[in-house]
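In each ligand, atom 1 is the first atom listed, and ligand 1 is the first ligand listed. In this chain, residues are counted from 1 in sequence order. All values below come from the heavy atoms of this structure, side chains included, with hydrogens, waters and symmetry mates left out.
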Amino acid sequence: MKIAEIIVDVPTRQTNKTFDYKIPETLEAVIKPGIRVIIPFGPRKVMGFVVGIKEETAITNSALKKISEAMDVFPVLTDELLDLGKWIAEETISFYIITFQAMLPQALKVKYHKQIELLTDNKEELPSSIAAIMADRDLIDFDEFQQRNGNYSQLLKAAQEGLLEISYMVKSKATKKTILYLTPIKEIQAFDEALQDIPLQAKKQRIIVEHFLYNPESIPQKELLEKFQTTAGSINPLIKLGLIKKEYKEVYRDPFKNKDLERTYALPLAVQQQEAINPILKAIQKVQHEVFLLHGVTGSGKTEVYLQAIEQVLNNGKEAIVLVPEIALTPQMVNRFKGRFGKKVAVLHSALSKGEKFDEWRKIQQKKVQVVVGARSAIFAPFENLGIIIIDEEHETTYKQDEQPRYDAKEVAKYRARYHNCPVVLGSATPTLETFARAKKGVYHLLELPHRMNEGPMPAVEIVDMRNELHRGNRTMFSEKLMEEIKIRIARQEQIVLFLNRRGYSTFVMCRDCGHVMNCPHCDIALTYHKSSHLLKCHYCAYETGMPATCEECESDTIRFFGTGTQKVEESIQQLIPEARVIRMDVDTTRKKGAHETLLKKFGGHEADILLGTQMIAKGLDFKNVTLVGVLAADAMLHFADFRASEKTFQLLTQVSGRAGRHELPGEVVIQTYTPEHYSIEMASKYQYNQFFAHEMKVRKTFHYPPYYFLTLITISHQNQIRVMEVGKMIRQLLTKHLSERATVLGPTPSPLVRINDRYRYQCMVKYRDEPNLKEIIRKILTHYHDEMKKNDLSIQVDFEPNHLM
Ligand code: ADP
Ligand code: ZN
Ligand code: ZN
C-alpha cells in the first residue's frame, strides 16, 4: 500500500503537520511529492500538498482516507522547494500551507482547467487506452480523462515522450486591451505630394509624413509620438488631410514586448569591473557557494557585471535568478536583460495579470527560459540547475515580505545558493549596515566599483537650512534657493524632480526655529505625538512626557508636529509658479493599474516640468532632461520613529541625487532641512558611504541595535484595548522569565499605528545577541493563546528582524 503525507489547506496551529492518506491505485503513477491533491478532510474536501510517500502508517486501515483527486500531473514544487518551504515555515513561525502557497503563482490558488492536447499526428504511437479516450479528437478536457478512469501512468509516459501535452487554462478576467494606432490610408504618392505642400516650418508634420512614406504601415500613436518627440498636435492636420486615420486595435497583453529590442553584446569591461567580476566568475567555475557584495555608486557598471556573470552561467548550461525591487522593474531595466538574453528571459512583475504571471512561471517550470528577472517572489522560480542569484539594490526593504510568511528573499537566496553550490551577488550603492558589516568581517566577499562609468562626477548637492528661511519671513515650504532653481529650469525647458518623503503619517515634534526634535532619552528615537492624550511617547520603551509649549533648546514657541502631504505641495507650487506643469505621483494618483507607467511616460515626453512624488519616484528613474532634484523635507524621514531612520535617509538622499544629471546635462540637487548638521544629511550630500557606515555603527552599538543585536517584534492586536495590554504584559513576563538575562524585553507599548480598523495594536520588542530558545518560547506563547486567537479575534504577529516597526 502507498501512503502520501499531505499538508492540508487548513491554516491552523493544530493542522500544521502532515496527514496520511491512502493513494488509490489509479493515481499511483501521478502522486509524487510536490503534487497538489484534493482530499476529504472532516466533512469537506480540501486541497493539499503531497510532501512525502511511504509504505506504512500508524493509522488503522478503516480510518485511513483516500486521496480523491490529483490536481497536478507534474509536481508544482520541486524537492528543493518543498524543503525550502519547510525551512521558511520554521524560521518565520508560519503555517506550512501558507508558505507553500506563497512560493507559487497566485493563479495556482484557484482550481484551473486542464486539458490534454495531442502533439503527434500518428495516433498509433499512443498507448491504446489513451488513444481510445481521444478517439478522433486532438484535444479533450482533463475531466473527461478522469471520469473515464484514464490510465495515469500511460498518460505521463506519453507526455514525457512528447506525444501529447497536458496544458493548463487559466481563466483570466483580464479585459482585452486596445491601443490607438495610426494607419496610412492613401497611396505613397499622396504622402510625397503632401511633402511639397506642408510648409517647411511644420517640421514635425513633415517628419511624420516622411515616416509613412518609407513605412506605409500602422503604428501605435504613442510609439510614433515618442519616436519623434512630438504631440498629437502634429498628427491632427494629417488626419484632416485624409492621409492617415486613427483606429483602435486589440493587442496581446505583454507589457515588455518590444519587437525591435536591439540585441546587445558584452561590453569590454573597465578595469574596476574586471576586478569585480573575476572572483564571481571563479565561484561560478568552481561550482562554489559564496556571497558577494558589489558595492558601487549608480552608474558604476554593476548591471553590466551582472549580465556578464549570467552569460557565463548560461554557457555552463545553468540558470539565473535576478531580483530587483518591484518599483525598479521598469521596462528600461527589463529591456537590458531581454536585450542581452532575448527569449531566455522570463519576467515576474506585479503589473502582469494572474494569467500572465502564470504563463511566465510555466516557462520556467518547463525549462523554456534560463533567466528570470522579477520582484521578491521570483526567488522561488522552480529552476533545478541554478548557477547564480543576483539581488540588485539589496538595501531595499521590499525584499522582505511584510505578511506571513515573513521571509527575507536575501536569506532564501542564500539557502538556495548553498543547495546549488552557486554564488549570490548583492548589489547596492548604499548597502544595509547588516550587509556591509558582514562584508567587512569577510563573511561576504566585498567587491568595490568606486567610479562612475562615464567618469562624470556625482551631481552637486546643496543643503538649504530651512530655519533661516523662517527667520527671513519665508513661511512657504520652498526655500528661496529652490524656487529660484525651479524657475531657471522651467525657463530653460529642463525638468525637475521634487521629492517629499511621507509614509502615510508623520508624528514627530520639531522646533522650526532651531530644528530641535524631541527624542527618547533611552532609545535615541523620535518621540511620537499622541493626539488623544496630548502626550509624547516612545514606542520602543514606553517612556512618555507631556507636549511642551516651547522648545526645550531655544524656548521658541514654533514647536509643533511635522508633516505635509504631496497634494498640499502641489497646490503650493501652483500658487507660487502658476505656469509650472506638475505631475503628482503618490499612492492616490497611482492606484489604478498602469497609472505609474503612464505618469512616467508623460513626464518622459516632457508633458510636465515637475515630477512631484513620494519615495516611489526615488528609484530607477532615468530621464535625460532632469537637471534638478529637490528634496523638500529631509527631516520627515530623518525623525521617523525608527532606529533605521538615519540609514534610510542616507539611502534615499543618495538615491534621489542619482536621479539628476545622468546624461549630458549636469545635475544639481537641493536638500531642504531644519537639521543641516545631522551626519546622515551631511554625509549623503558628499556621497560619503564609508564615513556614514562608521558613524552609524557606533550609534547602533551604543543603543543596542542591529547589526550588534538582533530584534524581534511581537505585535498584539484586539478590539479591546485592555485585553491587548494584558496580553502584552503576559507576553513580556513569559519572555523575561524564559530568556537569558542578556536579552532585553521592551513593552508593551502602543504601536506607531496604534489603531487600525478599530483594533488596538501594542508591541513588545526583544533585543538579544544569542537566544537559541527564543523561537521555541514564542511557539509556546502562540500555542497558549491559540484558542483566543481563533475564537476571539486576538492577533499576535511575530516578526524576526523586522524592517518596519509599525
Ligand atoms: P549601474 O548598474 O551600477 O547603475 P550600469 O551597468 O547601468 O551601472 O552602467 C552605467 C552606464 O555605463 C550604462 O549606460 C552602461 O551601458 C555603461 N557601461 C557599463 N559598463 C560599460 C563598459 N564596460 N563599457 C562601456 N559602457 C559601459
Ligand atoms: Zn528650538
Ligand atoms: Zn525609549
Is any side-chain heavy atom of Arg644 less than 4.5 Å from a side-chain heavy atom of Gln651? no
Taking atom 23 (N) of ligand 1 as the point of reference, which of Pro268, Gly299, Ser300, Gly301 owns the nearest heavy atom? Pro268
Which option out of Val305, Leu269, Val271, Thr303 puts a heavy atom nearest to atom 2 (O) of ligand 1? Thr303
Show which atoms of ligand 1 fall inside a sub-4.0 Å distance from at least one heavy-atom site of [X].
X	answer
Ala270	23 (N)
Glu304	6 (O), 19 (C), 20 (N)
Val297	3 (O)

Ligand 1 and [X], any nitrogen or oxygen pair closer than 3.5 angstrom?
X	result
Met453	no
Arg336	yes
Leu267	no

Any side-chain donor-acceptor pair under 3.5 Å between [X] and [Y]?
X	Y	value
Gln721	Tyr762	yes
Ser300	Gln272	no
Thr673	Asp635	yes
Gln308	Glu304	yes

From the Zn ion (ligand 2) out to just under 2.8 Å, does an N/O/S atom of His516 turn up? no
Salt bridge check, Glu434 against Lys410: does any charged N sit closer than 4.0 Å to a carboxylate O? no
Metal-centred angle, SG of Cys551 through the Zn ion (ligand 2) to SG of Cys511, rounded to 10 degrees: 110°
To the nearest 10°, how many degrees is the angle Cys554 SG to the Zn ion (ligand 2) to Cys514 SG? 110°
What angle sits at the Zn ion (ligand 3) between SG of Cys520 and SG of Cys538, to 10°? 110°
Working note: Thr397 + Asn803, criterion side chain to side chain donor-acceptor pair (under 3.5 Å); need CA distance, chi angles, decisive distance, verdict. CA-CA 6 Å; Thr397 53; Asn803 271 323; 5.1 Å; no
Exactly one of His395, Gln655, Glu393 clears side chain to side chain donor-acceptor pair (under 3.5 Å) with Ser428, and that residue is His395
Within 2.8 Å of the Zn ion (ligand 3), is there any N, O or S atom belonging to His522? no
Evaluate side chain to side chain donor-acceptor pair (under 3.5 Å) for Asn278 paired with Gln274, printing each intermediate quantity in order. CA-CA 6 Å; Asn278 281 342; Gln274 194 63 55; 3.1 Å; yes
